[in-house]
Amino acid sequence: MTGVAILLSAASHWGWRRKWEPRMPQVAVPRGRRVAAEVRDRYDIRWRAIPSADVVDGWVTTRLRTLVDAAVLLPFDEALSIADSALRSGSLRRSEALARAQTLDPQLRPRVVRVLKAADPHAANPFESVLRAIALEVSGLHVRTQVRIDDDDGFVGRVDLADEHLRIVIEGDSVAFHGDAQAMDRDFKRYDRLVAAGWLVLRFSWNQVMTKAAWVASVISAAVRLRRACTCAGPSSAR
């Protein structure tokens with residue numbers, strides 16, 4: 001098709017982690033190009049002009065163009081997953097992407113800037129990125145990524161997300177993380193210590209985070225209301 005790989009297909013080429021894999025390869029072709037029906041059945045075709053400066057090796061968008069396209073065209077959680085991974089890889093600088101955002105149409109710019117400012121290279125994987133995307137939409141909640149928490153006995157662990165003022169911990173729990181009885185015992189001990197130290201701990205499964213975002217957000221919102229209604233929030237021992 002002499003087209004250009006874009007969006008999730010381009011992100012895959014650059015080795016960036018994604019919330020979902022594309023159902024079909026995503027390819028841009030010049031406007032006006034006729035594409036046979038049998039080809040359209042096998043590819044996700046987008047008709048758009050992509051400058052040669054935004055294409056590498058003649059077939060895939062540059063890292064910078066890929067990140068900006070993701071922020072413009074994908075839902076916030078999917079774009080954040082890619083942006084987190086791009087920064088985590090060290091292949092792009094936030095300042096470079098923000099500078100590119102200033103050249104965009106004013107209607108598109110806020111969407112890109114929002115994703116770039118929220119991006120965090122400390123997020124371990126798309127599971128954590130999507131969970132953070134949900135948490136960022138909850139009013140009154142201010143979370144940080146991979147927060148270290150100590151209690152009177154010392155180091156408890158690093159949690160996926162924490163609001164240190166409200167003392168709310170939000171964790172994404174995968175089945176693989178609890179691979180054996182010893183790992184489960186360590187995990188239970190960690191959460192017990194968090195609760196005993198005054199933290200409200202919320203734990204969500206991969207399926208809940210990836211497919212039931214509205215429900216996850218409602219539970220987090222309820223936890224925020226609970227904390228704000230009581231006097232248990234206060235100085236934290238997070239670092």
Side-chain angles (χ1 to χ4, degrees), residues 8 11-12 15-23 70 74-88 115 118-149 151 155-228 232-233 236 238:
L8 298 178
S12 176
W16 298 341
R17 305 281 300 279
R18 302 153 308 280
K19 178 184 179 183
W20 303 122
E21 295 302 321
R23 289 175 294 177
L74 297 178
F76 178 66
D77 59 345
E78 294 187 43
L80 188 64
S81 298
I82 290 173
D84 284 353
S85 185
L87 294 183
R88 188 165 59 243
V115 170
D120 189 336
H122 296 101
N125 49 53
F127 185 11
E128 288 187 17
S129 297
V130 174
L131 181 57
R132 191 170 88 262
I134 296 170
L136 289 172
E137 299 284 358
V138 175
S139 178
L141 184 72
H142 304 282
V143 294
R144 289 199 304 119
T145 304
Q146 292 297 316
V147 177
R148 170 179 172 139
I149 296 179
D151 64 9
F155 178 65
V156 178
R158 289 193 177 274
V159 298
D160 294 339
L161 299 171
D163 183 315
E164 296 153 74
H165 175 69
L166 294 180
R167 295 177 74 79
I168 295 176
V169 162
I170 305 173
E171 292 268 70
D173 281 343
S174 65
V175 174
F177 188 75
H178 309 286
D180 54 48
Q182 189 175 20
M184 186 174 293
D185 184 65
R186 286 196 305 268
D187 196 36
F188 286 177
K189 182 177 180 180
R190 184 170 80 122
Y191 286 119
D192 287 344
R193 287 176 67 187
L194 286 170
V195 172
W199 292 87
L200 193 161
V201 180
L202 302 177
R203 304 168 68 180
F204 298 103
S205 71
W206 186 94
N207 183 63
Q208 290 168 341
V209 170
M210 296 299 197
T211 68
K212 298 178 173 63
W215 178 81
V216 172
S218 71
V219 172
I220 297 173
S221 296
V224 170
R225 290 194 298 271
L226 175 66
R227 280 309 217 194
R228 289 191 173 278
C232 48
S236 79

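- The shortest side-chain heavy-atom distance between R132 and D84 falls under the 4.5 Å cut-off.
- Of all heavy-atom pairs spanning A123 and S129, the tightest one is CB-OG, 3.8 Å.
- Two residues are said to be in side-chain contact when any heavy atoms from C-beta on lie closer than 4.5 Å; V156 and W199 fail this criterion.
- Between the OG atom of S221 and the CD atom of E137 there is a distance of 10.0 Å, given to the nearest 0.5 Å.
- In this structure, M210 and V130 approach most closely via the heavy-atom pair SD-CG2, 3.9 Å.
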- List the steps and the verdict of side-chain contact (heavy atoms from CB on, under 4.5 Å) for R203 and D187. CA-CA 12 Å; R203 304 168 68 180; D187 196 36; 2.9 Å; yes
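- Contact record, G140 with L166: O-CD1, 3.6 Å, taken as the closest heavy-atom pair.
- Considering only heavy atoms from C-beta on, L161 comes within 4.5 Å of T145 through its side chain.
- The salt bridge (charged side-chain N to carboxylate O under 4.0 Å, His left out) test with E21 singles out one residue from K19, R23, R18, and that residue is R18.
- Under the 4.0 Å criterion applied to side-chain N and carboxylate O atoms, R227 and D163 are not assigned as salt-bridge partners.
- Put simply, the side chain of R190 reaches to within 4.5 Å of the side chain of V159, judged on heavy atoms.
- Across all their heavy atoms, A135 and V143 have their closest contact at CB-CG2, 4.2 Å.
- The line from CZ of R228 to CZ of R225 is 12.0 Å long, rounded to the nearest 0.5 Å.
- Under the 4.5 Å side-chain criterion, counting only non-hydrogen atoms from C-beta, L8 is in contact with L74.
- Considering only heavy atoms from C-beta on, H142 stays 4.5 Å or farther from H165 through its side chain.
- Counting heavy atoms from C-beta on, the side chains of F204 and D160 never come closer than 4.5 Å.
- Separation of atoms NZ (K212) and CD1 (I134) is listed at 11.5 Å; rounding is to 0.5 Å.
- Of all heavy-atom pairs spanning V115 and A83, the tightest one is CG1-CB, 3.8 Å.
- A donor-acceptor pair under 3.5 Å is absent between the side-chain atoms of E78 and the main chain of P75, judged by distance alone.
- Residue I220 holds its CD1 atom at 4.0 Å from CD1 of I170, rounded to the nearest 0.5 Å.
- With contacts defined as side-chain heavy-atom distances shorter than 4.5 Å, the pair V216/L131 qualifies.
- I149 contributes atom CD1, which lies 7.5 Å from atom CD of E164 (distance to the nearest 0.5 angstrom).
- Residues A11 and I82 come closest through the heavy atom pair CB-CD1, 4.1 Å.
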